[in-house]
Amino acid sequence: MIEASAPGKLFVVGEYAVVEPGEPAVLIAVDRYLHVRLSETATPVALSTSPHVQAAIGTVAELCAARGIAPRHFDIQIESELDEQDGRKFGLGSSAAVTVATIAALDALYQLKLSPFERFKLALLATIQVSPRASGGDLAASTFGGWVFYRSPDRVALRAHHAAHGVVSALESELWQASEIRELPAPADVRLLVGWTGSPASTEELVDSVSASPKTGNHDALREAFLSHSSKLALSFAAALESGASADQLFEIIRASRALLHRLALDRGIVIETETLSALCSIAEEFGAAAKSSGAGGGDCGIALVKPENDIPSILRAWEQHGITHLDLDVAGSAATRIGAEDER
Ligand code: MEV
């Protein structure tokens, strides 16, 4: 049996803007994992109906065929720490994690010897068959772990290139040059708190609404202003981590990023920061921390950056009183995707 595990993710800065090719974001991988267990079988078995798993299997099958590797039969079992017991999602990127872990398990099965960047590329090629707008930031965090700086490639062009020229050519395409994945140093003396609001959100619907024409003003000017402001914030957050800047500097960027998402939501007539996410942020602010929604918002999780002297127990108590569940998780280490095999490696 081969087991591959991939961590969940959280956006720190740059959500929504990162959907545009080349726009930067900062994410973290979290130490909750999705596990894929793959066992070879003598005959074909019915596999997971998850479109992400199927797309991952199909993309690797295409690569194997191109390399002249004979297909094998296998069964796949999935166990996720990224969902509640009752199946509700935490918004920690379980679709990305299942894609990354499935590709890692198949890499081990077929001994493809893929690099982490090649696994990421395959995961993105698979994902955009199911969710064409997805930025792939979650796949980068899930593959590389730690604090991650990310810029997406042009997925419309990649998908077209894949369809026209096949997976080998798509993996080698120059289109990846617009993409960037870089590990960032973790901040010293800053802890991350994650609160879950209990209500799930549809990332795809929210991203579609953001891409649609805004209700007011000039669409292009608003879009450009949002992208340029978001880019400055993501770049300055990455620079602050790389230069070991103070917690206060990081806090300012988190607060500015929260304000920017507020404006985006107003312009597009959508709700990113729900009432519960607002409460999560106000409570954290009351105790000297800085907080914002993470990812698409509309429910799911919020994050707070806290200093050691902030009263964490009081933040968590107040969160609980407002129906916010503290998810006790930390940043996953780098080289986050773990692959183990009992009899293969
Ligand atoms: C969702 O977690 C984050 C978005 O930026 C969408 C994406 O990056 O694919 C809203």
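Only a predicted model underlies this, so the values are computations on that prediction, with no experimental measurement involved.
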K.L.:
Looking at every heavy atom in both A247 and V190, which two are closest together, and how far apart are they?
P.N.:
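Nearest pair, atom of A247 first, then V190: CB-CG2, 3.6 Å.
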K.L.:
Answer with yes or no whether the hydrophobic clustering places V13 together with L192; edges join I, L, V, M, F, W, Y residues whose side-chain heavy atoms lie under 4.5 Å apart.
P.N.:
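Yes, V13 and L192 fall within the same hydrophobic cluster.
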K.L.:
Any heavy-atom pair between the side chains of L92 and W196 that's under 4.5 Å?
P.N.:
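The answer is no, as the side chains (C-beta and beyond) never meet within the 4.5 Å cut-off.
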K.L.:
Rounded to the nearest 0.5 Å, what's the gap from CD1 on I272 to NZ on K292? Could you check?
P.N.:
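I272 CD1 to K292 NZ: 9.5 Å, rounded to 0.5 Å.
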K.L.:
So, are D189 and K307 salt-bridged, with charged N and O less than 4.0 Å apart?
P.N.:
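No salt bridge links D189 with K307.
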K.L.:
Can any side-chain N or O of D75 pair as donor or acceptor with the backbone N or O of S39 at less than 3.5 Å?
P.N.:
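Looks like no, no N/O pair under 3.5 Å.
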K.L.:
Can you tell me if E242 has over 12 outside heavy atoms packed within less than 6.0 Å of its CD?
P.N.:
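Yes - once you tally the heavy atoms of other residues, nucleotides and ligands closer than 6.0 Å, there are more than 12.
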K.L.:
Any side-chain to backbone donor/acceptor pair from D138 onto G93? Under 3.5 Å, distance only.
P.N.:
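Side chain of D138 to backbone of G93: no pair is present.
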K.L.:
Do T325 and W319 have side chains that approach each other closer than 4.5 Å (heavy atoms only, starting at C-beta)?
P.N.:
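Answer no - side chains too far apart.
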K.L.:
For the pair R151 (side chain) and G22 (backbone), establish whether a donor and an acceptor sit closer than 3.5 Å, ignoring hydrogens and angles.
P.N.:
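Checking the backbone N and O of G22 against the side chain of R151, a donor-acceptor pair under 3.5 Å is found.
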K.L.:
Do you know which two heavy atoms are closest between A284 and A291, and how far apart they sit?
P.N.:
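Closest approach of A284 to A291, heavy atoms only: CB-CB, 3.7 Å.
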K.L.:
Does the side chain to side chain contact (heavy atoms under 4.5 Å, CB included) test come out yes or no for I57 and I76, once each step is laid out?
P.N.:
CA-CA 10 Å; I57 293 173; I76 280 188; 4.1 Å; yes
K.L.:
How far apart are the closest heavy atoms of I253 and L233, and which atoms are they?
P.N.:
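Here I253 and L233 meet closest at CG2-O, 3.5 Å.
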K.L.:
Nearest heavy-atom pair of H326 and L193: which atoms, and what distance?
P.N.:
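Minimum heavy-atom separation between H326 and L193: NE2-CD2, 4.1 Å.
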K.L.:
Would you give me the side-chain donor-acceptor pairs under 3.5 Å for residues 120-133, sequence neighbours excluded?
P.N.:
from, atom 1, to, atom 2, distance (Å)
K121, NZ, L171, O, 2.8
T127, OG1, A123, O, 2.7
Q129, NE2, L125, O, 3.4
S131, OG, E204, OE2, 2.9
R133, NE, D208, OD1, 2.7

K.L.:
Go through the side-chain N and O atoms of T276 and H322 and say whether any donor and acceptor fall under 3.5 Å apart.
P.N.:
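On atom types as modelled, these side chains do not qualify, holding no pair under 3.5 Å.
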K.L.:
I need the S152 OG to W176 CH2 distance, nearest 0.5 Å.
P.N.:
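Going from the OG atom of S152 to the CH2 atom of W176 covers 10.0 Å.
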K.L.:
Linking I/L/V/M/F/W/Y whenever their side-chain heavy atoms sit closer than 4.5 Å, directly or via other members, would L305 and L329 fall into one cluster?
P.N.:
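In one cluster with L305: L329, yes.
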K.L.:
Could you check whether any side-chain N or O of E81 sits under 3.5 Å from a backbone N or O of Y33, counting only pairs where one atom can act as donor and the other as acceptor?
P.N.:
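Answer holds: yes.
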K.L.:
Can you tell if the side chain of V331 reaches within under 4.5 Å of the side chain of V30, non-hydrogen atoms only?
P.N.:
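In short, these two side chains do not touch, never coming nearer than 4.5 Å.
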K.L.:
List the atom of A17, the atom of E23, and the distance in Å for their closest heavy-atom pair.
P.N.:
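Looks like O-CB, 3.2 Å.
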K.L.:
If you draw a 6.0 Å radius around CD in E309, do more than 12 non-hydrogen atoms from other residues or ligands fall strictly inside?
P.N.:
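Check passes, neighbour count above 12.
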K.L.:
Let me check something: do V100 and L114 share a hydrophobic cluster, defined by ILVMFWY side-chain heavy atoms less than 4.5 Å apart, either directly or through other members?
P.N.:
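Same cluster: V100 reaches L114 through Ile, Leu, Val, Met, Phe, Trp or Tyr contacts under 4.5 Å.
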K.L.:
For the pair E79 and L34, evaluate side chain to side chain contact (heavy atoms under 4.5 Å, CB included) and give the outcome as yes or no after the intermediate values.
P.N.:
CA-CA 6 Å; E79 190 194 317; L34 182 140; over 6 Å; no
K.L.:
Heavy atoms, side chains only, cut-off 4.5 Å: are V60 and L112 in contact?
P.N.:
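Yes, close enough: below the 4.5 Å cut-off.
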K.L.:
Quick one: does T143's side chain have a donor or acceptor within less than 3.5 Å of a partner on L139's backbone?
P.N.:
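Yes, T143 side chain to L139 backbone: donor-acceptor pair under 3.5 Å.
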K.L.:
With no hydrogens and no angle check, is any side-chain donor or acceptor of S173 less than 3.5 Å from a backbone partner on S169?
P.N.:
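No, because the side chain of S173 does not come within donor-acceptor range (under 3.5 Å) of the backbone of S169.
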K.L.:
Could you tell me which non-hydrogen atom of L82 sits nearest to which non-hydrogen atom of S94, and how far apart they are?
P.N.:
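Residues L82 and S94, closest heavy atoms: CD1-CA, 3.7 Å.
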K.L.:
Could you check if a side-chain atom of D300 sits within less than 4.5 angstrom of a side-chain atom of F90, using non-hydrogen atoms only?
P.N.:
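No; the side chains remain at least 4.5 Å from each other.
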K.L.:
So does R223 pair up with E20, basic N to acidic O under 4.0 Å?
P.N.:
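Salt bridge between R223 and E20, a charged N being under 4.0 Å from a carboxylate O: yes.
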K.L.:
Do L316 and I324 have side-chain heavy atoms sitting under 4.5 Å apart?
P.N.:
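L316 does not reach I324 side chain to side chain.
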K.L.:
State plainly whether one hydrophobic cluster holds both V207 and V271, where clusters connect Ile, Leu, Val, Met, Phe, Trp and Tyr through side-chain heavy atoms under 4.5 angstrom apart.
P.N.:
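V207 does not cluster with V271.
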K.L.:
If you measure only the distance, is there a donor-acceptor pair under 3.5 Å linking the side chains of H35 and Q77?
P.N.:
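Side-chain D/A pair, H35 to Q77: absent.
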K.L.:
Just wondering, do P24 and Y150 contact through their side chains at under 4.5 Å, heavy atoms?
P.N.:
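In short, these two side chains do not touch, never coming nearer than 4.5 Å.
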K.L.:
If you round to the nearest 0.5 Å, how far is CD1 of I303 from OG of S293?
P.N.:
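The distance works out to 8.5 Å.
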K.L.:
Return yes if some donor-acceptor pair links the side-chain N/O of S142 with the main-chain N/O of P7 below 3.5 Å, else return no.
P.N.:
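Judged by distance alone, yes, a pair lies under 3.5 Å.
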K.L.:
Is there any ring pair (Phe, Tyr, Trp, His ring centres under 6.0 Å) pair reaching into residues 228-261, and which pairs are they, with sequence neighbours excluded?
P.N.:
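Every candidate ring pair (Phe, Tyr, Trp, His ring centres under 6.0 Å) pair involving residues 228-261 fails, so no pair, neighbours aside, qualifies.
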K.L.:
Applying side chain to side chain contact (heavy atoms under 4.5 Å, CB included) to V45 and F74, what does each step give before you reach the verdict?
P.N.:
CA-CA 7 Å; V45 291; F74 51 82; over 6 Å; no
K.L.:
Roughly how far apart are F287 CZ and N310 CG, rounded to 0.5 Å?
P.N.:
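Those atoms lie 10.0 Å apart.
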K.L.:
Are the side chain of R155 and the backbone of A134 linked by a donor-acceptor contact shorter than 3.5 Å?
P.N.:
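Yes, because the side chain of R155 sits within donor-acceptor range (under 3.5 Å) of the backbone of A134.
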K.L.:
Hey, mind stepping through L10 and C301 against side chain to side chain contact (heavy atoms under 4.5 Å, CB included) and telling me if it holds?
P.N.:
CA-CA 8 Å; L10 283 167; C301 289; 4.1 Å; yes
K.L.:
So, taking the atom named CD in Q249 and the one named OG in S236, what distance separates them when rounded to the nearest 0.5 Å?
P.N.:
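Answer for the CD-OG pair, Q249 versus S236, is 9.5 Å.
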K.L.:
With the side chain counted from C-beta on, respond yes when E285 and R255 share a heavy-atom pair under 4.5 Å apart, and no when they do not.
P.N.:
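Answer yes - side chains close enough.
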K.L.:
Once rounded to the nearest 0.5 Å, what's the spacing between atom CG of D107 and atom CZ of R119?
P.N.:
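Nearest 0.5 Å value for the CG-CZ distance: 6.0 Å.
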K.L.:
Do S230 side-chain atoms and F226 backbone N/O form a donor-acceptor pair below 3.5 Å?
P.N.:
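Not a single qualifying donor-acceptor pair exists.
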K.L.:
Please tell me whether L261 and V18 are part of a single hydrophobic cluster in this structure, the criterion being side-chain heavy atoms less than 4.5 Å apart.
P.N.:
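Yes, it is one cluster - the side chains of L261 and V18 are joined through contacts under 4.5 Å.
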K.L.:
Quick check on E320: does its CD atom have over 12 non-hydrogen neighbours (other residues, nucleotides or ligands) under 6.0 Å away?
P.N.:
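Atom CD in E320 is not packed in, count stays at 12 or less.
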K.L.:
R88: what forms a side-chain hydrogen bond (donor to acceptor under 3.5 Å, both in side chains) with it, not counting sequence neighbours?
P.N.:
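Residues passing side-chain hydrogen bond (donor to acceptor under 3.5 Å, both in side chains) with R88: D86.
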K.L.:
Treating D154 as the side-chain partner and V156 as the backbone partner, does any N or O pair qualify as donor plus acceptor under 3.5 Å?
P.N.:
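Judged by distance alone, yes, a pair lies under 3.5 Å.
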